[in-house]
Amino acid sequence: MKVWAAGDIDAAGDTKTLLVDPKDLVTPLARERARELGIDIVTAGATPTPPAVTTPTRAAVTTASPVAVPGTPKPVPREAAGGPVRSMRPPSGALYRRGAPLPSAITSSGRGGAGRVVVIGAGHVGMITALRLADADLFDEVVLVDIDEGRAAGVALDLTHTAALGGFATRVRGTGSVEDAGPADYVVITAGRARQPGMSRSDLVSTNAAIVGDLAGRVAAVSPHAVIVVVTNPLDEMTHHAWQASGFPPERVVGMAGVLDTARFQALASLAGGGRADRIDAVALGSHGEEMVIPLSQATSSGRPLTELIDKTTLEAVVDRARGSGAEVVGLLKSGSAFMAPGTSAAGMVLAMARDRGQIMPAAVLADGSYGIRDVYIGLPARLGRGGVREIVELDLRPDELRALRQAADRIKERLSQLAAVS
Ligand SMILES: O=C(O)C[C@H](O)C(=O)O
């Protein structure tokens, strides 16, 4: 009996079919490697199976095929739609428009799933993001990328082992580079340094700008039609930076923070007597930091204003605690930062986009003049669709809330100019 490992598959060279003995053992990694290389593993004496079509080989990675989300109209293949997807920026100056044309997906979708998501960074946040994405059983493949290739492969294999438990058929793979991951429909960037107790998110700016800038450029080369979701801190600045480094239209670069900050507010308001967290409607806007704005004019619980259920002082304390929740977790963990809620939030955004139901979520988006803010990435309510941000949604904020939001924009702009000065 021979044990076929991934290295044996690599050593098989240009072989298209590998004949193995019925007594041989082929490891799951070897099978995965074979699929990647387009090699059929055939057991001697067995009836040959038709060639697998679920995963594009590295040579076939530019093949375009549409996302197929149940319940949505079948997208038109890119070629039929008239060549490469153009920027969706409408000429009128409003960046995002309801019903604007959306790019079709680009990856091979063998089992009728929603293509491939690449999650960069196999740390805790990347791990939870991948877990939630796999559990949703929506995508064909989730690929974890990490400079520590063994970690990416190990986490991916561990997650693969939960397929029967979680009830999913999404393939999970781990690799060491963006290039090896192949083209994606969605790319989540979680890579970068996490803050330690006593640090602010802004302390990470220059270290993480170098990492995010490099990754965004490489993602743009490998996945020119993807939507990038940035998770790395400082979030608003890193999303802006990724947008510039990728050269993507702004609707295809979004930052994940508002979903997380909102979820924290919902959880904490629930603990303060606001009813079930999932019945609390609220939205966290502004920056992912000191200038976070949680407009209480928009906060309700089962349709009732939250201000009727929780007294003003307590509610303000809840807002403050939500604003400081990231630091609170960092302080408790002593090493590293939060990952359950951030990973769940990032996956939630990707799933909302892929499902294409026009869900509104707070996200770091390039402001288009709504709320009197423009030319800066900041947390605003955004309608998400398959191709990223469809439109920025304007809420009827109180004057003081609007003022706070504009101040947040000014502060983010200041930090961006400091970043530009040092880079
Ligand atoms: O706060 C951090 O440093 C990580 C993350 O942004 C969070 O809010 O948990």
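Numbering of ligands and ligand atoms starts at 1, following listing order.
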Practice problem: Report yes if Ser337 has an N/O atom closer than 3.5 Å to an N/O atom of ligand 1; otherwise report no. | Solution: no
Quiz item: Are Asp356 and Arg390 within salt-bridge range, i.e. N to O under 4.0 Å?
Solution: yes
Practice problem: Run the salt-bridge test on Arg403 and Asp400 with the 4.0 Å N-O cut-off and return the result as yes or no. | Solution: no
Quiz item: Should the ring pair Tyr377 and Trp243 be called parallel, tilted or perpendicular, given that the plane angle runs from 0 to 90° and is split at 30 and 60?
Solution: tilted
Against heavy atoms of [X], which atoms of ligand 1 measure under 4.0 Å?
X	result
Ala338	9 (O)
His288	5 (C), 6 (O), 7 (C), 8 (O)
Gly326	1 (O), 7 (C), 8 (O), 9 (O)

Quiz prompt | Sole residue of Met340, Met256, Arg264 in side-chain contact (heavy atoms from CB on, under 4.5 Å) with Ser345 | solution = Met256
Quiz item: Pick one: which of Val376, Leu384, Leu380 meets side-chain contact (heavy atoms from CB on, under 4.5 Å) with Val365?
Solution: Leu380
Nearest-neighbour protein heavy atom for [atom], which is reported as residue plus atom name and distance:
atom	answer
atom 1 (O) of ligand 1	Arg195 NH2, 2.7 Å
atom 9 (O) of ligand 1	Arg264 NH2, 2.8 Å
atom 5 (C) of ligand 1	Asn233 ND2, 3.5 Å

Practice problem: Select one of side chain, backbone, both or neither to describe which atoms of Val329 lie under 4.0 Å from any atom of ligand 1, heavy atoms only. | Solution: neither
Quiz prompt | Over all atoms of both residues, closest heavy-atom pair of Met353 and Val254 | solution = CE-CG2, 4.3 Å
